[in-house]
Amino acid sequence: MEYNYNAIEQKWRNRWAERKTYQVEQDANKQKFYVLDMFPYPSGAGLHVGHPLGYIASDVYARYKRLQGFNVLHPMGYDSFGLPAEQYAIQTGQHPELTTKENIARYRDQLDKIGFSYDWSREVRTSSPEYYKWTQWIFIELFNSWYDKTTDKAMPISELVATFEKNGNANINAVSDQEEVFSSEEWNNYSEEKKEAVLQNYRLTYLADSWVNWCPALGTVLANDEVVNGVSERGGHPVEQKLMRQWSMRIKAYAERLLTGLEGLEWTDSIKDIQRNWIGKSKGASVQFQLKDSANAIEVFTTRPDTIFGVSFLVLAPEHPLVDSITTNENKEAVAAYKQNAALKSERDRQSDVKNVTGQITGAKAIHPFTGAEVDIWIADYVLASYGTGAVMAVPCGDQRDWDFATHFAIPIKNIFEDKDISKAAYTEKDAVIANSDFLSGLEAKVAIEKAIEAIEQKGIGKGKTNYRLRDAVFSRQRYWGEPFPIYYKNGLPQTIAVEHLPIVLPEVEKYLPTEDGQPPLGNATVWAWDTVANQVVENSKIDHQTVFPLELNTMPGWAGSSWYFLRYTDPNNTQAFASKEAVDYWKNVDLYMGGSEHATGHLLYARFWTKFLFDCGYIPFDEPFKKMINQGMILGRSSFVYRNEQGKYVSKNKLTGNETPIHVDISLVDNDKLDTEGFKKWRADFANAEFILEDDGSYVCGFEIEKMSKSKYNVQTPDELVEKFGADTLRCYEMFLGPVEQAKPWDTKGINGVSNFLRKLWRLFQIDENGLAHLSTDAPNKESLKSLHKTIKKVSEDLERFSFNTVVSNFMICVNELTEQKCNNKAILEQLVVLVSPYAPHIAEELWEKMGNGTTSVTQAQFPTFNEEFLVESTIEYPVSFNGKMRFKAALSATLSPKEVEEIVINSPEAA
RNA sequence: GCGGAUGUGGUGAAAUUGGUAGACACGCUAGACUUAGGAUCUAGUGCCGAGAGGUGUGCGGGUUCGAGUCCCUCCAUCCGCACCA
């Protein structure tokens with residue numbers, strides 16, 4: 001009987017659903033294993049062949065772990081808040097919820113066809129109120145917490161308030177923006193507004209006026225990771241700096257723990273490095289420079305306190321708060337002009353202008369703390385207001401930027417390094433011996449740094465300090481399709497809404513655009529006020545600022561819901577908590593996380609932050625969300641092009657003259673680079689009367705390019721057609737066979753026949769007759785077949801353990817080829833082979849499993865075969881190696897021996913003795 | 001500029017610890033069979049050479065009995081960061 005994959009796959013899809021084969025429950029007797037895919041945003045384009053690559057790999061692994069007896073949690077859901085649905089709503093008026101639902105249905109349909117072993121009873125959607133209720137709850141928890149540096153964890157804000165009432169804030173060691181020190185009396189006499197303003201400096205999520213990345217085209221602010229090269233990540237629109245009152249997350253509080261936590265993670269070095277880089281820790285010192293004509297001092301941050309005797313001027317960021325007050329009269333105009341110029345420059349201009357040295361002297365002078373010399377104070381936009389203290393001590397001999405600046409403005413450069421030439425460039429290595437530096441002279445830089453910090457601290461003008469480049473993350477978005485904040489405003493002060501009244505459900509609006517006076521889209525809602533008596537959302541008209549108050553108009557960013565979703569899967573329908581204690585204690589964190597590396601500085605950092613926070617609060621027993629991560633590479637599309645010339649004719653590739661414009665053409669109209677010209681004419685109205693300049697053989701040859709798959713490039717390969725044509729099992733094996741999952745590669749179906757053949761050969765081994773019966777031998781298996789099988793078991797388990805998904809398929813092929821050649825139809829052998837193959841090709845495995853007489857059980861309940869070395873040993877070859885004039889024997893390292901075994905053979909060889 | 005990764009046939013790629021480089025598959029060549037198929041089977045296929053043989057993992061060195069693998073220099077490609085003091 002032929003291998004009819006369509007019928008078989010249909011049959012098992014239904015059975016799995018009926019039997020709830022992949023539903024898992026907590027089971028204290030079984031060890032858990034949590035395999036998770038990054039959940040997708042359900043876009044209108046549907047799933048393309050790139051999506052399933054990671055999903056298939058993780059599904060293979062989940063199935064493998066299940067066969068090993070683990071209780072495997074393998075869920076799926078949707079990151080369903082997002083921009084495209086909202087933009088579609090703006091254009092068409094269709095509610096984003098509707099669009100999202102339709103897209104999810106399509107995704108689900110596509111996913112089901114590929115045979116994933118997801119437990120769909122645990123599906124989560126970030127846009128469902130039952131889910132975002134708990135996103136809102138976490139927000140409130142953050143609002144009600146502050147970071148205590150002494151205990152190095154988040155603590156309840158109520159304890160902080162209690163301390164303020166008793167002792168003021170003098171002994172509080174917090175991560176905060178609070179600079180003012182107050183006593184308990186002062187605190188107790190503060191107004192409510194003042195108290196809240198102070199608390200905002202401590203809360204882990206807070207409202208503050210801050211410089212944010214404002215994207216006028218998108219009409220919203222963006223987090224740093226959403227801005228790439230000065231333009232928005234989505235859409236590539238320009239981004240400018242704007243001072244706005246926004247919610248922020250005090251992620252900086254976790255900078256050090258986010259850094260050290262990386263060490264224990266099995267992530268790739270490159271992702272860890274990207275995060276390290278993003279956090280950007282640097283050690284150094286802060287030093288105060290007293291102003292000559294004022295009581296004020298300028299605090300600078302430096303990583304090279306050892307070079308302090310090389311300071312020849314100070315530079316402030318143009319936005320530095322002291323600039324205006326210190327500038328001398330004769331420089332006022334020039335400084336103001338420089339400041340204005342700097343403010344007008346966009347991020348992008350500033351970046352492209354790096355090589356251009358600019359600056360302006362303020363006329364003010366500071367006193368060098370050790371030499372007492374007067375040093376000029378400049379402003380320049382190479383100093384960033386948002387890093388360190390917004391001021392630097394310039395050491396031109398040791399810093400290239402300072403050197404460039406000094407050279408440009410003809411400022412004398414003092415050399416404080418022994419035997420180093422600084423006439424052409426600064427000497428920036430940390431290996432020089434310091435000279436001309438009083439008590440630091442003669443010391444090596446490393447020693448000098450410590451000595452300098454000591455001296456600075458002794459003088460009381462600064463201290464050793466660590467700085468992080470990581471900024472607090474802006475948490476407000478001026479959008480409709482996101483989580484509403486559980487916040488209302490009383491006298492302008494933010495108030496939280498108690499968890500029992502959550503969720504605060506997204507209100508209906510007539511327009512999804514911002515309001516005319518620039519308010520976020522929720523400003524269009526007419527039922528968007530909070531009644532503190534009835535504890536519900538009521539009409540805006542009822543706002544009286546006594547019992548009914550306005551609600552927050554911003555919504556949360558896309559990363560809010562995705563920062564904790566892995567926790568929700570452990571207990572997705574809980575209405576009393578984000579997840580029960582028992583559930584998170586049992587399932588714990590994700591053992592294997594599969595997803596793209598593009599989330600390195602976004603989702604992956606924020607999820608780690610929230611996990612650490614929830615850990616601090618005692619809600620979860622771990623402080624890292626994802627233990628092991630694999631980053632699947634992007635599958636690229638192969639776009640096809642037609643070329644239109646100036647006369648409007650379409651020119652075939654080999655007839656091009658160079659003056660034609662390439663136009664993307666739908667890849668479904670192209671076969672083997674040849675265009676279906678009739679189909680092309682029908683494709684779009686403007687091509688209906690297309691005229692062609694063809695090849696000599698009368699065909700039209702298209703050009704191609706490897707690009708990211710996207711709807712607009714008409715190069716999207718959906719998995720559906722391949723499932724239809726070859727079957728899901730073939731698609732699964734083929735995607736794994738393509739190469740290492742981590743690697744980006746263009747999609748290409750050339751090799752799919754080979755994989756398809758493999759499954760057919762596997763089918764044929766079972767000699768299934770016209771009545772669908774397998775003809776297998778129950779005799780004792782022969783040695784040769786046992787060897788083939790066990791060689792494969794060994795290889796496959798080793799390869800799966802090291803996540804080498806592609807080589808596994810090759811080993812299956814070798815095994816099937818060998819068994820075919822051996823004419824093996826032994827039941828005991830083939831049964832184990834079926835189990836072995838089932839993670840890759842679950843449908844055919846189930847069918848064969850059934851045909852072997854295991855009708856009542858599923859192959860998913862089988863045991864993963866164990867490797868028995870006794871079937872392999874005789875396959876080793878020994879060969880002589882000439883070594884130091886003696887002859888020795890060493891075993892050839894065929895795949896069948898472990899290093900230990902090889903060692904033994906070397907020792908036991910008579911010649912070696 | 002800094003940090004990370006990668007570099008192997010016509011193609012996708014294997015080679016886990018330094019031990020027969022190119023497994024497995026695509027493609028290609030020749031043949032067999034046929035109900036002519038995107039079917040199956042057989043043989044061949046790194047490069048040079050008729051052959052014996054030589055040569056070969058981005059370039060150039062080094063360590064080693066032995067290097068795709070370890071070390072150094074350089075080159076190329078990709079990714080991340082980028083006036084971060």
Side-chain angles (χ1 to χ4, degrees), chain A residues 2 228-229 268-278 280-282 284 300-304 307 314-315 317 350-351 353-358 380-384 386-395 398-402 404-405 428 467-471 597-598 600-601 631 633-634 725-726 733-734 737-740 742-746 748-758 760-761 764 794-795 798-799 801-802 804 806-817 820 877 879 881-888 890-895 897-900 902-903 906:
Chain A
E2 275 288 293
V228 178
N229 293 330
T268 61
D269 289 340
S270 76
I271 295 261
K272 287 189 190 181
D273 270 327
I274 291 171
Q275 289 208 349
R276 282 192 196 110
N277 206 325
W278 190 260
K281 178 178 182 171
S282 50
V300 302
F301 174 75
T302 177
T303 55
R304 296 294 303 274
T307 63
L314 300 185
V315 189
R350 246 166 119 152
Q351 278 174 17
D353 241 12
V354 167
K355 292 278 166 285
N356 249 335
V357 179
T358 65
D381 65 4
Y382 81 87
V383 177
L384 305 176
S386 51
Y387 182 76
T389 60
V392 302
M393 57 179 221
V395 183
D399 184 288
Q400 193 54 45
R401 292 155 306 174
D402 298 344
D404 291 340
F405 194 87
T428 55
N467 238 312
Y468 299 93
R469 199 161 58 189
L470 183 71
R471 311 285 154 82
S597 56
E598 67 272 20
T601 53
N631 306 111
M634 201 187 318
K725 239 170 166 174
F726 297 98
C733 292
Y734 182 60
F737 183 72
L738 270 178
E742 297 90 338
Q743 219 160 83
K745 53 211 147 214
D748 182 357
T749 51
K750 262 191 277 173
I752 200 165
N753 282 326
V755 177
S756 173
N757 287 345
F758 148 66
R760 271 200 297 271
K761 283 184 203 164
R764 257 183 258 129
K794 185 173 157 66
K795 273 284 205 181
E798 281 171 1
D799 287 352
E801 285 304 330
R802 64 191 176 101
S804 173
N806 54 331
T807 49
V808 170
V809 183
S810 296
N811 284 305
F812 287 156
M813 291 177 176
I814 295 169
C815 187
V816 167
N817 286 346
T820 304
I877 318 152
Y879 66 97
V881 174
S882 164
F883 179 33
N884 282 355
K886 285 185 200 163
M887 288 297 264
R888 265 205 188 191
K890 208 153 184 184
L893 297 192
S894 77
L897 284 183
S898 70
K900 211 174 154 194
V902 172
E903 206 58 40
V906 173

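Per chain, numbering begins at 1; letters A, B, ... match sequence-line order. Keep in mind it's a predicted model, so treat the numbers as computed, not measured. When reading the values below, keep in mind they use all heavy atoms of this one structure, side chains included, and skip hydrogens, waters and symmetry mates.
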Provide the distance between the two [atom1] atoms, one in [N] and one in [M], to the nearest whole Å.
{"N": "B/C75", "M": "B/A82", "atom1": "C1'", "result": "24 Å"}
{"N": "B/A25", "M": "B/U45", "atom1": "P", "result": "15 Å"}
{"N": "B/G3", "M": "B/G10", "atom1": "P", "result": "35 Å"}
{"N": "B/G56", "M": "B/A43", "atom1": "C1'", "result": "25 Å"}
{"N": "B/U64", "M": "B/G53", "atom1": "P", "result": "30 Å"}
{"N": "B/A23", "M": "B/G9", "atom1": "C1'", "result": "14 Å"}
{"N": "B/G12", "M": "B/C83", "atom1": "P", "result": "37 Å"}
{"N": "B/A13", "M": "B/A67", "atom1": "P", "result": "27 Å"}

Original post:
Excluding sequence neighbours, so at least two apart, what forms side chain to side chain donor-acceptor pair (under 3.5 Å) with A/Asp404?
Top reply: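 With neighbours one apart ignored, the set is A/Gln400.
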Original post:
Excluding sequence neighbours, so at least two apart, what forms side chain to side chain donor-acceptor pair (under 3.5 Å) with A/Glu2?
Top reply: none
Original post:
Under 4.0 Å between a Lys/Arg side-chain N and an Asp/Glu carboxylate O for A/Glu798 and A/Lys794?
Top reply: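 Between A/Lys794 and A/Glu798 there is a salt bridge, with a charged N closer than 4.0 Å to a carboxylate O.
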Original post:
Should A/Lys272 and A/Asp269 count as an ion pair when the cut-off is N to O under 4.0 Å?
Top reply: no
Original post:
For A/Asn817, which contact category applies under a 4.0 Å heavy-atom criterion: base, sugar-phosphate, or nothing?
Top reply: sugar-phosphate
Non-neighbouring partners of [X] that pass ring pair (Phe, Tyr, Trp, His ring centres under 6.0 Å), sequence neighbours left out:
{"X": "A/Phe405", "answer": "A/Phe313, A/Trp378, A/Tyr382, A/Phe409"}
{"X": "A/Phe812", "answer": "A/Tyr840"}
{"X": "A/Tyr734", "answer": "A/Trp747"}

Subject >> Torsion-based syn/anti label for B/G9, 90° from 0 as limit >> reply: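 That one's syn.
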Subject >> First encountered from the 5' end of RNA chain B, between A/Thr302 and A/Ile752 >> reply: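 The residue closer to the strand's 5' end, by nearest nucleotide, is A/Ile752.
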**OP:** Hey, which sits more toward the 5' end of RNA chain B by its nearest nucleotide, A/Gly754 or A/Ser386?
**Re:**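 Checking each residue's closest nucleotide, the 5'-ward one belongs to A/Gly754.
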**OP:** Would you sort out whether A/Leu314 and A/Val392 count as a side-chain contact (heavy atoms from CB on, under 4.5 Å), showing the intermediate values?
**Re:** CA-CA 6 Å; A/Leu314 300 185; A/Val392 302; over 6 Å; no
Hey, what do you get for [atom1] ([X]) to [atom2] ([Y]), rounding to the nearest 0.5 Å?
{"X": "A/Asn277", "Y": "A/Leu470", "atom1": "CG", "atom2": "CG", "answer": "11.5 Å"}
{"X": "A/Arg469", "Y": "A/Ser386", "atom1": "CZ", "atom2": "OG", "answer": "11.0 Å"}
{"X": "A/Phe726", "Y": "A/Cys733", "atom1": "CZ", "atom2": "SG", "answer": "13.5 Å"}
{"X": "A/Glu742", "Y": "A/Thr268", "atom1": "CD", "atom2": "OG1", "answer": "9.0 Å"}

Measure from [atom1] on [X] to [atom2] on [N] and round the result to the nearest Å.
{"X": "A/Asp748", "N": "B/G27", "atom1": "CG", "atom2": "C1'", "answer": "11 Å"}
{"X": "A/Met393", "N": "B/C83", "atom1": "CE", "atom2": "C1'", "answer": "17 Å"}
{"X": "A/Tyr468", "N": "B/C81", "atom1": "OH", "atom2": "C1'", "answer": "19 Å"}
{"X": "A/Glu598", "N": "B/G80", "atom1": "CD", "atom2": "P", "answer": "10 Å"}
{"X": "A/Asp799", "N": "B/C24", "atom1": "CG", "atom2": "P", "answer": "15 Å"}
{"X": "A/Leu314", "N": "B/A85", "atom1": "CG", "atom2": "C1'", "answer": "12 Å"}
{"X": "A/Phe301", "N": "B/C83", "atom1": "CZ", "atom2": "P", "answer": "17 Å"}
{"X": "A/Leu384", "N": "B/C83", "atom1": "CG", "atom2": "P", "answer": "6 Å"}

Extract from the structure each pairing of a protein N or O with an N or O of nucleotides 76-78 of chain B at less than 3.5 Å, listing the distance.
none

**OP:** Taking the side chain as every heavy atom from C-beta outward, state whether A/Ser282 and A/Tyr468 have any pair of such atoms under 4.5 Å apart.
**Re:** no
**OP:** Check whether any side-chain heavy atom of A/Asp399 lies under 4.5 Å from a side-chain heavy atom of A/Arg304, and answer yes or no.
**Re:** no
**OP:** Stems involving RNA chain B: give each as a range paired with a range, ordered by first number, where a stem means at least three consecutive Watson-Crick or G-U wobble pairs under 3.5 Å.
**Re:** B:1-7 with B:75-81, B:10-12 with B:24-26, B:27-32 with B:40-45, B:46-48 with B:53-55, B:60-62 with B:70-72
Original post:
Counting only side-chain N and O atoms of A/Tyr382, is one of them less than 4.0 Å from OP1 or OP2 of B/A85?
Top reply: no
Using a cutoff of under 3.5 Å, can you pull out all pairs of nitrogen or oxygen atoms linking the protein to nucleotides 39-43 of chain B, with atom names and distances?
unit_1	atom_1	unit_2	atom_2	d
B/U40	OP1	A/Asn757	OD1	2.8

Show each protein N/O and nucleotides 29-35 of chain B N/O combination with a separation under 3.5 Å, one pair to a line.
none

Original post:
Is there a donor-acceptor pair under 3.5 Å between the side chain of A/Gln275 and the backbone N or O of A/Ala600?
Top reply: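 Yes, A/Gln275 side chain to A/Ala600 backbone: donor-acceptor pair under 3.5 Å.
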Original post:
Counting distance only, does the side-chain N/O of A/Lys745 pair as donor-acceptor with the main-chain N or O of A/Pro740 below 3.5 Å?
Top reply: yes
Subject >> More than 12 heavy atoms from other groups under 6.0 Å of NZ on A/Lys725 >> reply: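 Open: at most 12 neighbouring heavy atoms sit under 6.0 Å from NZ of A/Lys725.
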**OP:** Tell me which residues in residues 269-277 of chain A put a heavy atom below 4.0 Å from RNA chain B, sorted by number, or none.
**Re:**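 Contacts with RNA chain B under 4.0 Å: A/Ser270, A/Asp273, A/Ile274, A/Asn277.
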Subject >> Minimum-distance nucleotide to A/Met813 side chain [options: B/A85, B/A25, B/U16] >> reply: B/A25
Subject >> Pair A/Asn817, A/Lys761: side-chain N/O donor-acceptor within cut-off below 3.5 Å >> reply: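 Yes, side-chain donor-acceptor contact under 3.5 Å.
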Original post:
Between the side chains of A/Ser804 and A/Thr807, does any donor sit under 3.5 Å from an acceptor?
Top reply: yes
Subject >> Results of side-chain contact (heavy atoms from CB on, under 4.5 Å) for A/Thr820 - residues two or more places apart only >> reply: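 Testing A/Thr820 for side-chain contact (heavy atoms from CB on, under 4.5 Å), a comparison that skips the adjacent residues, returns A/Leu765, A/Val816.
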Considering only nitrogen or oxygen atoms on both sides, find all protein atoms under 3.5 Å from nucleotides 12-14 of chain B and state each distance.
unit_1	atom_1	unit_2	atom_2	d
B/G12	O2'	A/Leu738	O	2.4
B/A13	OP1	A/Gln743	OE1	2.7
B/A13	O3'	A/Asn806	ND2	3.4
B/A14	OP1	A/Asn806	ND2	2.9

